[in-house]
Amino acid sequence: MSKDEERHSVSKMSSSLKENLLDRMRNTHQSSEKNRMARSERDIPPPVRRKQTRFEDLPEYKQVLTQKAASEQLGIANPFYRAHQTAAGATTVIDGRKLINFASYDYLGLNRHPHVLSQARDTINAFGISASASRLVAGERPAHAELEERIAAFYGVEASVCFVSGYLTNVAAISCLMGPNDLVVHDEFIHNSALAGIKLSGATRRLFKHNDASDLEHVLRTVAGDYRHILVIVEGIYSMDGDIANLPAIMKLKAEYGFWLMVDEAHSLGILGRRGRGTFEHFGIDPREVDIWMGTLSKTTSSCGGYIAGSAALAAVLKASAGGFVYSVGLAPVLTASAIASLDILESEPERAAALKRNGALFLKLAQEAGLDTGLSGGFSVVPVLVGDSLRAVQLSNDLHAAGVNALPIIHPAVPEGMARLRFFITSEHTEEQIRQTVTLTAEKLKDLTERNFGLASIDIQQMMKMLASR
(Lines give C-alpha, C1' and ligand atoms only; values in the text may rest on other atoms or scores of the structure.)
Protein backbone atom coordinates (compact mmCIF):
# COMPACT_ATOMS: atom_id res chain seq x y z
CA MET A 1 0.00 0.00 0.00
CA SER A 2 1.42 3.40 -0.98
CA LYS A 3 1.79 6.23 1.53
CA ASP A 4 -1.06 8.14 -0.11
CA GLU A 5 -3.31 5.08 0.11
CA GLU A 6 -2.29 4.58 3.74
CA ARG A 7 -3.09 8.20 4.63
CA HIS A 8 -6.43 7.89 2.84
CA SER A 9 -7.25 4.72 4.77
CA VAL A 10 -6.38 6.35 8.12
CA SER A 11 -8.43 9.40 7.23
CA LYS A 12 -11.39 7.22 6.22
CA MET A 13 -11.15 5.26 9.48
CA SER A 14 -10.98 8.48 11.51
CA SER A 15 -14.00 9.86 9.69
CA SER A 16 -15.90 6.66 10.34
CA LEU A 17 -15.11 6.79 14.04
CA LYS A 18 -16.33 10.40 14.23
CA GLU A 19 -19.57 9.48 12.48
CA ASN A 20 -20.13 6.58 14.86
CA LEU A 21 -19.54 8.84 17.84
CA LEU A 22 -21.93 11.49 16.51
CA ASP A 23 -24.57 8.81 15.80
CA ARG A 24 -24.33 7.52 19.36
CA MET A 25 -24.64 11.07 20.73
CA ARG A 26 -27.62 11.80 18.51
CA ASN A 27 -29.34 8.53 19.42
CA THR A 28 -28.90 9.23 23.12
CA HIS A 29 -30.26 12.77 22.73
CA GLN A 30 -33.15 11.65 20.52
CA SER A 31 -34.08 8.88 22.93
CA SER A 32 -34.09 11.33 25.82
CA GLU A 33 -36.08 13.83 23.78
CA LYS A 34 -38.67 11.17 22.78
CA ASN A 35 -39.13 10.21 26.42
CA ARG A 36 -39.53 13.86 27.39
CA MET A 37 -42.05 14.45 24.61
CA ALA A 38 -43.99 11.33 25.53
CA ARG A 39 -44.25 12.51 29.13
CA SER A 40 -45.30 16.02 28.11
CA GLU A 41 -47.94 14.77 25.65
CA ARG A 42 -49.88 12.75 28.22
CA ASP A 43 -53.26 14.39 28.76
CA ILE A 44 -52.07 17.39 26.81
CA PRO A 45 -54.69 20.16 26.79
CA PRO A 46 -55.84 21.79 23.55
CA PRO A 47 -53.55 24.57 22.33
CA VAL A 48 -54.19 28.04 23.70
CA ARG A 49 -53.47 31.00 21.49
CA ARG A 50 -51.44 33.54 23.40
CA LYS A 51 -50.84 37.16 22.61
CA GLN A 52 -47.22 38.09 23.10
CA THR A 53 -46.79 40.77 25.75
CA ARG A 54 -44.92 43.85 24.66
CA PHE A 55 -42.25 45.18 26.99
CA GLU A 56 -44.02 48.54 26.71
CA ASP A 57 -47.05 46.95 28.42
CA LEU A 58 -45.15 45.64 31.43
CA PRO A 59 -46.19 47.25 34.74
CA GLU A 60 -42.52 47.81 35.54
CA TYR A 61 -42.15 49.97 32.41
CA LYS A 62 -45.36 51.86 33.20
CA GLN A 63 -43.93 52.63 36.64
CA VAL A 64 -40.82 54.09 35.00
CA LEU A 65 -43.01 56.27 32.80
CA THR A 66 -45.08 57.39 35.79
CA GLN A 67 -41.97 58.45 37.71
CA LYS A 68 -40.66 60.23 34.62
CA ALA A 69 -43.96 62.07 34.08
CA ALA A 70 -44.08 63.19 37.72
CA SER A 71 -40.50 64.46 37.48
CA GLU A 72 -41.19 66.30 34.24
CA GLN A 73 -44.27 68.00 35.69
CA LEU A 74 -42.21 69.40 38.57
CA GLY A 75 -39.19 70.10 36.38
CA ILE A 76 -36.94 67.60 38.17
CA ALA A 77 -33.83 66.51 36.24
CA ASN A 78 -32.73 62.87 36.36
CA PRO A 79 -29.83 62.65 38.88
CA PHE A 80 -28.80 59.13 37.84
CA TYR A 81 -26.20 57.99 35.28
CA ARG A 82 -24.24 61.22 35.34
CA ALA A 83 -20.80 60.45 33.92
CA HIS A 84 -17.77 61.12 36.10
CA GLN A 85 -14.79 62.49 34.18
CA THR A 86 -12.18 61.43 36.71
CA ALA A 87 -11.56 58.78 39.36
CA ALA A 88 -14.23 59.60 41.93
CA GLY A 89 -13.07 59.91 45.53
CA ALA A 90 -13.70 62.68 48.06
CA THR A 91 -14.08 64.92 45.01
CA THR A 92 -15.10 64.24 41.43
CA VAL A 93 -15.64 66.03 38.12
CA ILE A 94 -19.01 65.92 36.32
CA ASP A 95 -19.74 68.05 33.24
CA GLY A 96 -16.47 69.89 33.80
CA ARG A 97 -17.39 70.92 37.37
CA LYS A 98 -15.42 69.81 40.42
CA LEU A 99 -17.77 68.56 43.14
CA ILE A 100 -17.47 67.35 46.71
CA ASN A 101 -18.35 63.69 46.31
CA PHE A 102 -20.31 61.55 48.78
CA ALA A 103 -21.51 58.96 46.25
CA SER A 104 -18.56 56.58 45.88
CA TYR A 105 -17.41 53.52 47.82
CA ASP A 106 -13.68 54.37 47.87
CA TYR A 107 -13.79 54.39 51.66
CA LEU A 108 -10.04 54.53 52.30
CA GLY A 109 -9.01 56.50 49.22
CA LEU A 110 -7.09 53.61 47.65
CA ASN A 111 -8.43 53.81 44.10
CA ARG A 112 -5.60 56.13 43.04
CA HIS A 113 -2.99 55.06 45.59
CA PRO A 114 0.47 54.77 43.92
CA HIS A 115 0.99 51.21 45.21
CA VAL A 116 -2.34 50.05 43.78
CA LEU A 117 -1.71 51.72 40.42
CA SER A 118 1.83 50.32 40.23
CA GLN A 119 0.67 46.76 40.92
CA ALA A 120 -2.12 47.15 38.39
CA ARG A 121 0.26 48.33 35.67
CA ASP A 122 2.74 45.52 36.33
CA THR A 123 -0.03 42.93 36.21
CA ILE A 124 -1.45 44.27 32.94
CA ASN A 125 2.02 44.10 31.39
CA ALA A 126 2.42 40.48 32.50
CA PHE A 127 -1.11 39.06 32.08
CA GLY A 128 -3.12 41.50 29.97
CA ILE A 129 -6.61 42.40 31.09
CA SER A 130 -8.76 39.26 31.19
CA ALA A 131 -8.29 35.81 32.69
CA SER A 132 -9.98 34.67 29.45
CA ALA A 133 -11.48 31.50 30.94
CA SER A 134 -13.11 29.98 33.97
CA ARG A 135 -10.50 29.33 36.64
CA LEU A 136 -11.52 25.67 36.60
CA VAL A 137 -10.21 25.17 33.07
CA ALA A 138 -7.66 27.75 31.96
CA GLY A 139 -8.28 30.99 33.84
CA GLU A 140 -6.22 30.34 36.97
CA ARG A 141 -3.42 32.87 37.60
CA PRO A 142 -0.98 33.03 40.55
CA ALA A 143 -2.64 36.18 41.91
CA HIS A 144 -5.95 34.34 42.41
CA ALA A 145 -4.54 31.97 45.00
CA GLU A 146 -2.54 34.78 46.60
CA LEU A 147 -5.63 36.97 47.03
CA GLU A 148 -7.67 34.12 48.49
CA GLU A 149 -4.89 33.30 50.94
CA ARG A 150 -4.63 36.97 51.96
CA ILE A 151 -8.38 37.30 52.56
CA ALA A 152 -8.45 34.10 54.61
CA ALA A 153 -5.50 35.30 56.69
CA PHE A 154 -7.16 38.71 57.12
CA TYR A 155 -10.22 37.04 58.63
CA GLY A 156 -8.23 34.42 60.52
CA VAL A 157 -10.04 31.54 58.80
CA GLU A 158 -8.88 28.59 56.70
CA ALA A 159 -9.76 29.60 53.15
CA SER A 160 -11.64 31.95 50.84
CA VAL A 161 -13.06 31.95 47.30
CA CYS A 162 -13.23 34.99 45.00
CA PHE A 163 -15.97 35.67 42.44
CA VAL A 164 -16.12 38.14 39.55
CA SER A 165 -19.01 40.15 41.06
CA GLY A 166 -20.11 41.05 44.56
CA TYR A 167 -23.76 40.53 43.60
CA LEU A 168 -22.90 37.18 42.04
CA THR A 169 -21.07 36.14 45.22
CA ASN A 170 -24.26 36.13 47.26
CA VAL A 171 -26.35 34.61 44.48
CA ALA A 172 -23.87 31.82 43.76
CA ALA A 173 -22.94 30.95 47.34
CA ILE A 174 -26.47 30.89 48.78
CA SER A 175 -27.97 28.98 45.85
CA CYS A 176 -25.11 26.46 46.02
CA LEU A 177 -25.30 25.79 49.76
CA MET A 178 -29.06 25.89 50.24
CA GLY A 179 -31.85 23.90 48.58
CA PRO A 180 -35.60 23.19 48.67
CA ASN A 181 -35.30 21.26 51.95
CA ASP A 182 -33.56 24.14 53.72
CA LEU A 183 -34.54 27.35 55.52
CA VAL A 184 -33.02 30.81 55.21
CA VAL A 185 -33.82 33.43 57.86
CA HIS A 186 -32.64 36.95 57.09
CA ASP A 187 -32.80 40.51 58.35
CA GLU A 188 -35.68 42.34 56.65
CA PHE A 189 -33.24 44.93 55.22
CA ILE A 190 -30.83 42.41 53.68
CA HIS A 191 -29.31 43.22 50.28
CA ASN A 192 -31.16 42.29 47.10
CA SER A 193 -28.35 39.95 46.02
CA ALA A 194 -29.01 37.73 49.04
CA LEU A 195 -32.73 37.66 48.23
CA ALA A 196 -31.91 36.62 44.67
CA GLY A 197 -29.68 33.81 45.95
CA ILE A 198 -32.39 32.55 48.30
CA LYS A 199 -34.98 32.57 45.51
CA LEU A 200 -32.67 30.65 43.19
CA SER A 201 -31.93 28.07 45.90
CA GLY A 202 -35.59 27.16 46.33
CA ALA A 203 -35.17 27.26 50.12
CA THR A 204 -37.98 28.38 52.42
CA ARG A 205 -37.50 32.03 53.34
CA ARG A 206 -38.36 33.79 56.59
CA LEU A 207 -37.38 37.29 57.72
CA PHE A 208 -36.98 38.94 61.10
CA LYS A 209 -37.37 42.59 62.13
CA HIS A 210 -34.35 44.70 61.36
CA ASN A 211 -31.50 44.13 63.79
CA ASP A 212 -33.87 42.59 66.32
CA ALA A 213 -32.29 39.49 67.88
CA SER A 214 -35.43 38.85 69.94
CA ASP A 215 -37.54 38.65 66.80
CA LEU A 216 -34.94 36.37 65.20
CA GLU A 217 -35.25 34.06 68.19
CA HIS A 218 -39.03 34.16 67.88
CA VAL A 219 -38.77 33.13 64.22
CA LEU A 220 -36.34 30.32 65.02
CA ARG A 221 -38.46 29.11 67.92
CA THR A 222 -41.66 29.00 65.89
CA VAL A 223 -40.23 27.49 62.69
CA ALA A 224 -42.29 24.49 61.66
CA GLY A 225 -40.73 21.84 59.46
CA ASP A 226 -37.84 19.43 59.43
CA TYR A 227 -35.22 21.44 57.56
CA ARG A 228 -31.93 19.94 56.45
CA HIS A 229 -29.97 23.18 56.96
CA ILE A 230 -30.83 26.59 58.44
CA LEU A 231 -28.92 29.71 57.36
CA VAL A 232 -29.20 33.13 59.02
CA ILE A 233 -27.99 36.14 57.00
CA VAL A 234 -27.13 39.61 58.33
CA GLU A 235 -24.96 42.53 57.22
CA GLY A 236 -22.04 43.94 59.17
CA ILE A 237 -22.92 47.53 58.29
CA TYR A 238 -26.29 47.81 56.59
CA SER A 239 -25.86 49.59 53.27
CA MET A 240 -29.11 51.55 53.39
CA ASP A 241 -29.15 52.57 57.05
CA GLY A 242 -25.53 52.54 58.21
CA ASP A 243 -26.13 50.64 61.47
CA ILE A 244 -24.29 47.52 62.65
CA ALA A 245 -25.65 44.00 63.10
CA ASN A 246 -25.98 42.94 66.74
CA LEU A 247 -23.50 40.12 66.21
CA PRO A 248 -22.93 39.17 69.89
CA ALA A 249 -26.68 38.56 70.41
CA ILE A 250 -26.91 36.56 67.18
CA MET A 251 -23.92 34.47 68.20
CA LYS A 252 -25.72 33.48 71.40
CA LEU A 253 -28.71 32.32 69.36
CA LYS A 254 -26.38 30.41 67.04
CA ALA A 255 -25.05 28.40 69.96
CA GLU A 256 -28.59 27.49 70.99
CA TYR A 257 -30.31 26.91 67.65
CA GLY A 258 -27.46 25.48 65.60
CA PHE A 259 -27.75 27.42 62.34
CA TRP A 260 -25.14 28.55 59.84
CA LEU A 261 -24.41 32.28 60.12
CA MET A 262 -23.53 34.41 57.09
CA VAL A 263 -22.31 38.00 57.58
CA ASP A 264 -22.17 40.37 54.60
CA GLU A 265 -19.13 42.62 55.11
CA ALA A 266 -19.48 44.70 51.92
CA HIS A 267 -19.57 48.00 53.84
CA SER A 268 -17.65 46.79 56.93
CA LEU A 269 -14.25 45.68 55.62
CA GLY A 270 -11.73 48.43 56.27
CA ILE A 271 -14.27 50.36 58.34
CA LEU A 272 -15.07 48.51 61.57
CA GLY A 273 -12.50 47.52 64.17
CA ARG A 274 -9.30 49.19 65.29
CA ARG A 275 -7.41 47.97 62.22
CA GLY A 276 -10.38 47.89 59.89
CA ARG A 277 -10.69 44.11 59.92
CA GLY A 278 -14.47 44.23 60.10
CA THR A 279 -17.38 43.27 62.33
CA PHE A 280 -15.59 40.52 64.25
CA GLU A 281 -12.81 42.90 65.31
CA HIS A 282 -15.35 45.58 66.23
CA PHE A 283 -17.06 43.19 68.67
CA GLY A 284 -14.01 41.15 69.67
CA ILE A 285 -15.48 37.90 68.30
CA ASP A 286 -13.50 34.89 67.11
CA PRO A 287 -14.01 35.04 63.31
CA ARG A 288 -13.94 31.23 63.10
CA GLU A 289 -17.25 31.14 64.97
CA VAL A 290 -19.00 32.72 61.97
CA ASP A 291 -19.59 30.12 59.26
CA ILE A 292 -19.61 32.37 56.19
CA TRP A 293 -17.96 35.76 55.76
CA MET A 294 -19.06 37.46 52.56
CA GLY A 295 -17.69 40.70 51.15
CA THR A 296 -17.03 42.73 48.06
CA LEU A 297 -13.77 43.88 46.49
CA SER A 298 -15.23 47.06 44.95
CA LYS A 299 -15.24 49.26 48.03
CA THR A 300 -12.36 49.33 50.51
CA THR A 301 -10.15 47.24 48.22
CA SER A 302 -10.76 49.49 45.18
CA SER A 303 -11.25 46.64 42.72
CA CYS A 304 -14.26 44.59 41.62
CA GLY A 305 -15.69 41.22 42.59
CA GLY A 306 -16.56 39.47 45.80
CA TYR A 307 -15.42 36.79 48.22
CA ILE A 308 -16.58 34.11 50.63
CA ALA A 309 -14.29 33.26 53.56
CA GLY A 310 -14.59 30.44 56.08
CA SER A 311 -13.55 26.82 56.42
CA ALA A 312 -11.50 24.91 53.85
CA ALA A 313 -14.46 22.59 53.33
CA LEU A 314 -16.75 25.54 52.54
CA ALA A 315 -14.27 26.85 49.96
CA ALA A 316 -13.91 23.41 48.39
CA VAL A 317 -17.68 23.02 48.01
CA LEU A 318 -18.04 26.43 46.36
CA LYS A 319 -15.14 25.88 43.97
CA ALA A 320 -16.59 22.53 42.92
CA SER A 321 -20.31 23.34 42.81
CA ALA A 322 -21.12 27.07 42.77
CA GLY A 323 -22.27 27.91 39.25
CA GLY A 324 -21.13 31.51 39.58
CA PHE A 325 -17.58 30.24 40.12
CA VAL A 326 -17.41 27.12 37.93
CA TYR A 327 -19.09 28.66 34.89
CA SER A 328 -17.83 32.25 35.18
CA VAL A 329 -14.59 33.69 33.86
CA GLY A 330 -11.92 34.12 36.51
CA LEU A 331 -11.49 37.49 38.19
CA ALA A 332 -9.40 39.73 35.91
CA PRO A 333 -5.73 39.51 36.97
CA VAL A 334 -5.43 43.30 37.18
CA LEU A 335 -8.41 43.46 39.55
CA THR A 336 -6.98 40.64 41.64
CA ALA A 337 -3.64 42.42 41.94
CA SER A 338 -5.37 45.71 42.82
CA ALA A 339 -7.27 44.03 45.66
CA ILE A 340 -4.05 42.50 47.01
CA ALA A 341 -2.32 45.89 46.87
CA SER A 342 -5.26 47.47 48.72
CA LEU A 343 -4.98 44.86 51.47
CA ASP A 344 -1.27 45.72 51.73
CA ILE A 345 -2.18 49.35 52.46
CA LEU A 346 -5.05 48.49 54.79
CA GLU A 347 -2.62 46.46 56.91
CA SER A 348 0.30 48.90 56.76
CA GLU A 349 -1.63 52.19 57.10
CA PRO A 350 -4.23 51.74 59.88
CA GLU A 351 -4.45 55.52 60.16
CA ARG A 352 -6.74 55.48 57.09
CA ALA A 353 -9.39 53.48 58.93
CA ALA A 354 -8.98 55.80 61.93
CA ALA A 355 -9.50 58.88 59.71
CA LEU A 356 -12.66 57.34 58.27
CA LYS A 357 -14.04 56.75 61.77
CA ARG A 358 -13.40 60.41 62.69
CA ASN A 359 -15.05 61.66 59.51
CA GLY A 360 -18.07 59.40 59.89
CA ALA A 361 -18.60 60.45 63.49
CA LEU A 362 -18.23 64.13 62.56
CA PHE A 363 -20.72 63.90 59.69
CA LEU A 364 -23.29 62.15 61.91
CA LYS A 365 -22.83 64.64 64.77
CA LEU A 366 -23.18 67.70 62.53
CA ALA A 367 -26.16 66.25 60.65
CA GLN A 368 -28.03 65.53 63.87
CA GLU A 369 -27.20 68.98 65.25
CA ALA A 370 -28.60 70.48 62.02
CA GLY A 371 -31.88 68.64 62.59
CA LEU A 372 -31.41 66.15 59.77
CA ASP A 373 -32.94 62.70 60.21
CA THR A 374 -30.05 60.22 59.99
CA GLY A 375 -32.20 57.23 60.87
CA LEU A 376 -30.34 54.31 62.40
CA SER A 377 -26.84 55.25 61.24
CA GLY A 378 -23.95 54.64 63.58
CA GLY A 379 -21.77 57.18 61.74
CA PHE A 380 -19.39 54.78 60.04
CA SER A 381 -19.16 54.36 56.26
CA VAL A 382 -22.82 55.14 55.45
CA VAL A 383 -24.93 58.02 56.75
CA PRO A 384 -28.41 58.41 55.25
CA VAL A 385 -30.45 61.61 55.42
CA LEU A 386 -34.09 60.57 55.41
CA VAL A 387 -36.33 62.81 53.32
CA GLY A 388 -39.47 60.69 53.02
CA ASP A 389 -40.90 61.88 49.70
CA SER A 390 -39.15 60.32 46.67
CA LEU A 391 -39.52 63.38 44.43
CA ARG A 392 -38.28 65.65 47.20
CA ALA A 393 -35.24 63.38 47.67
CA VAL A 394 -34.44 63.57 43.95
CA GLN A 395 -34.77 67.35 43.91
CA LEU A 396 -32.61 67.65 47.03
CA SER A 397 -29.92 65.68 45.22
CA ASN A 398 -30.20 68.01 42.22
CA ASP A 399 -30.08 71.12 44.40
CA LEU A 400 -26.95 69.85 46.13
CA HIS A 401 -25.41 69.01 42.75
CA ALA A 402 -26.02 72.58 41.59
CA ALA A 403 -24.38 73.81 44.81
CA GLY A 404 -21.29 71.63 44.28
CA VAL A 405 -22.07 68.42 46.20
CA ASN A 406 -22.64 65.00 44.63
CA ALA A 407 -24.94 62.79 46.76
CA LEU A 408 -27.46 60.41 45.23
CA PRO A 409 -31.05 59.65 46.28
CA ILE A 410 -32.47 56.23 47.14
CA ILE A 411 -36.14 56.17 46.21
CA HIS A 412 -39.07 53.80 45.77
CA PRO A 413 -38.96 50.88 44.95
CA ALA A 414 -35.43 50.50 46.38
CA VAL A 415 -36.94 51.66 49.68
CA PRO A 416 -40.64 51.89 50.64
CA GLU A 417 -42.38 55.12 49.64
CA GLY A 418 -42.10 57.45 52.59
CA MET A 419 -38.56 56.24 53.35
CA ALA A 420 -36.70 57.96 50.49
CA ARG A 421 -33.30 59.32 51.42
CA LEU A 422 -29.95 60.60 50.30
CA ARG A 423 -27.08 58.26 51.13
CA PHE A 424 -23.76 59.82 52.04
CA PHE A 425 -20.75 57.52 51.71
CA ILE A 426 -17.99 58.81 53.98
CA THR A 427 -14.31 58.35 53.16
CA SER A 428 -11.02 58.87 54.97
CA GLU A 429 -10.14 61.51 52.36
CA HIS A 430 -12.97 63.94 53.09
CA THR A 431 -11.83 67.10 54.87
CA GLU A 432 -13.60 68.63 57.85
CA GLU A 433 -14.43 71.67 55.73
CA GLN A 434 -16.05 69.49 53.04
CA ILE A 435 -18.16 67.69 55.66
CA ARG A 436 -19.27 70.90 57.37
CA GLN A 437 -20.11 72.58 54.06
CA THR A 438 -22.09 69.56 52.86
CA VAL A 439 -24.16 69.20 56.04
CA THR A 440 -24.97 72.93 56.04
CA LEU A 441 -26.05 72.88 52.39
CA THR A 442 -28.14 69.74 52.89
CA ALA A 443 -30.01 71.25 55.82
CA GLU A 444 -30.64 74.52 53.96
CA LYS A 445 -31.81 72.91 50.72
CA LEU A 446 -34.07 70.40 52.48
CA LYS A 447 -35.61 73.15 54.64
CA ASP A 448 -36.46 75.13 51.50
CA LEU A 449 -38.08 72.11 49.79
CA THR A 450 -40.06 71.26 52.91
CA GLU A 451 -41.36 74.80 53.35
CA ARG A 452 -42.47 74.82 49.69
CA ASN A 453 -44.15 71.43 50.19
CA PHE A 454 -42.25 70.24 47.15
CA GLY A 455 -42.92 66.61 46.24
CA LEU A 456 -45.64 64.10 45.59
CA ALA A 457 -48.28 66.23 47.33
CA SER A 458 -47.81 69.00 44.76
CA ILE A 459 -48.36 66.73 41.74
CA ASP A 460 -51.34 67.50 39.50
CA ILE A 461 -52.63 63.95 38.98
CA GLN A 462 -54.91 64.82 36.07
CA GLN A 463 -52.12 66.59 34.20
CA MET A 464 -49.78 63.66 34.81
CA MET A 465 -52.38 61.17 33.49
CA LYS A 466 -52.72 63.28 30.33
CA MET A 467 -48.95 63.21 29.88
CA LEU A 468 -48.90 59.42 30.25
CA ALA A 469 -51.81 58.98 27.82
CA SER A 470 -50.01 61.03 25.19
CA ARG A 471 -46.92 58.83 25.20
Side-chain angles (χ1 to χ4, degrees), residues 60-106 192 239-242 267 298-299 363 367 370 372-375 377 381-427 430 434-435 437-459 464 467-468 471:
E60 294 84 355
Y61 181 66
K62 293 184 183 298
Q63 181 180 1
V64 171
L65 291 182
T66 301
Q67 290 176 336
K68 186 176 180 182
S71 297
E72 288 176 359
Q73 187 183 135
L74 293 180
I76 302 175
N78 185 351
F80 306 109
Y81 299 106
R82 287 177 174 143
H84 294 247
Q85 296 162 308
T86 185
T91 61
T92 189
V93 176
I94 299 176
D95 293 330
R97 295 174 59 225
K98 186 175 181 180
L99 306 170
I100 303 171
N101 185 41
F102 284 94
S104 296
Y105 302 141
D106 188 16
N192 178 269
S239 60
M240 287 293 178
D241 293 274
H267 295 270
S298 57
K299 299 173 178 67
F363 193 106
L372 296 171
D373 185 353
T374 56
S377 179
S381 52
V382 181
V383 180
V385 170
L386 274 65
V387 177
D389 185 299
S390 287
L391 293 180
R392 187 176 297 175
V394 172
Q395 188 57 41
L396 176 59
S397 174
N398 287 338
D399 288 348
L400 285 174
H401 184 269
V405 175
N406 189 48
L408 273 291
I410 304 295
I411 60 176
H412 180 77
V415 292
E417 187 54 66
M419 296 295 289
R421 65 199 63 191
L422 264 62
R423 252 191 329 176
F424 293 84
F425 295 107
I426 317 301
T427 77
H430 283 113
Q434 288 170 338
I435 292 171
Q437 181 181 348
T438 296
V439 171
T440 299
L441 283 170
T442 302
E444 290 175 354
K445 301 298 182 184
L446 181 56
K447 182 174 183 288
D448 175 66
L449 291 170
T450 303
E451 289 176 348
R452 291 195 286 125
N453 195 31
F454 185 98
L456 291 169
S458 56
I459 288 287
M464 189 176 75
M467 292 173 65
L468 287 171
R471 294 180 188 274

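Keep in mind the model is a prediction, meaning the values are calculated, not measured. All residue numbers refer to positions in the sequence shown, counting from 1.
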(request) Mind listing the closest non-hydrogen atom pair of D389 and R392 along with its distance? (result) OD1-N, 3.0 Å

(request) Find the distance between CD1 (I94) and CG (N406) and round it off to the nearest 0.5 Å. (result) 4.0 Å

(request) State which residues pass side-chain hydrogen bond (donor to acceptor under 3.5 Å, both in side chains) with D106; sequence neighbours excluded, sorted by chain then number. (result) none

(message) Given 3.5 Å as the limit, does a donor-acceptor pair link the side chain of S377 with the main chain of V382, or not?
(response) yes

(request) Please list, chain by chain and in numerical order, all residues satisfying ring pair (Phe, Tyr, Trp, His ring centres under 6.0 Å) with Y105, sequence neighbours excluded. (result) H267, F425

(message) Under the ring-ring contact (aromatic ring centres under 6.0 Å, His included) definition, can you give me all pairs with a residue in residues 65-90, not counting sequence neighbours?
(response) none

(request) Identify the two heavy atoms, one from S104 and one from N101, that lie closest to each other, and give their separation to 0.1 Å. (result) OG-ND2, 2.9 Å

(message) Testing the basics here: between T427 and A90, what is the closest heavy-atom pair and its distance to 0.1 Å?
(response) OG1-CB, 4.1 Å

(message) With heavy-atom distances below 4.5 Å as the criterion, would you say the side chains of T91 and Q434 are in contact?
(response) yes

(request) Quick one: pull up CG in L99 and CZ in R82 and give me the separation to the nearest 0.5 Å. (result) 9.0 Å

(request) Return the minimal non-hydrogen interatomic distance between I410 and A414, and the atom names on each side. (result) CG2-CB, 3.8 Å

(message) According to side-chain contact (heavy atoms from CB on, under 4.5 Å), who are the partners of A402, at least two apart in sequence or on a separate chain?
(response) none

(message) Under a 3.5 Å distance rule, please check whether D373 uses its side chain to pair with a backbone N or O of L386 as donor and acceptor.
(response) no

(message) To the nearest 0.5 Å, what is the distance between CG on L400 and CG on L441?
(response) 6.5 Å

(request) Side-chain contact test, heavy atoms from C-beta onward, threshold under 4.5 Å: evaluate it for I426 versus S381 and give yes or no. (result) no

(request) Only counting residues at least two apart or in another chain, list the ones meeting side-chain contact (heavy atoms from CB on, under 4.5 Å) with T374. (result) L364, A367, Q368, V383

Quick one: side chains of residues 443-450, donor-acceptor pairs under 3.5 Å with protein atoms, not counting sequence neighbours, listed by atom name and distance.
unit_1	atom_1	unit_2	atom_2	d
K447	NZ	E451	OE2	2.6
D448	OD2	R452	NE	3.2
D448	OD2	R452	NH2	3.3
T450	OG1	L446	O	2.8

(message) I'd like to know if the side chain of Q395 reaches the main chain of I76, judged simply by a donor and an acceptor atom lying under 3.5 Å from each other, with no hydrogens or angles considered.
(response) no

(request) Scan for ring-ring contact (aromatic ring centres under 6.0 Å, His included) pairs involving residues 398-424, sequence neighbours excluded, and state none if there are none. (result) F102-F424, F363-F424

(message) For Q67, give me all partners under side-chain contact (heavy atoms from CB on, under 4.5 Å), at least two apart in sequence or on another chain.
(response) Q63, P413

(message) Restricting to side-chain hydrogen bond (donor to acceptor under 3.5 Å, both in side chains), what partner residues turn up for N192, sequence neighbours left out?
(response) Y167

(message) side chain to side chain contact (heavy atoms under 4.5 Å, CB included) for L408 and R423? Distances and angles first, verdict last.
(response) CA-CA 6 Å; L408 273 291; R423 252 191 329 176; over 6 Å; no

(request) Work out which heavy atom in S397 is nearest to a heavy atom in P79; give both atom names and the distance. (result) OG-CB, 3.9 Å

(request) Applying side-chain hydrogen bond (donor to acceptor under 3.5 Å, both in side chains), name anything that partners R421, two or more places apart in sequence or on another chain. (result) D241

(message) Can you list everything that forms a side-chain hydrogen bond (donor to acceptor under 3.5 Å, both in side chains) with S390? Sequence neighbours excluded, please.
(response) E417

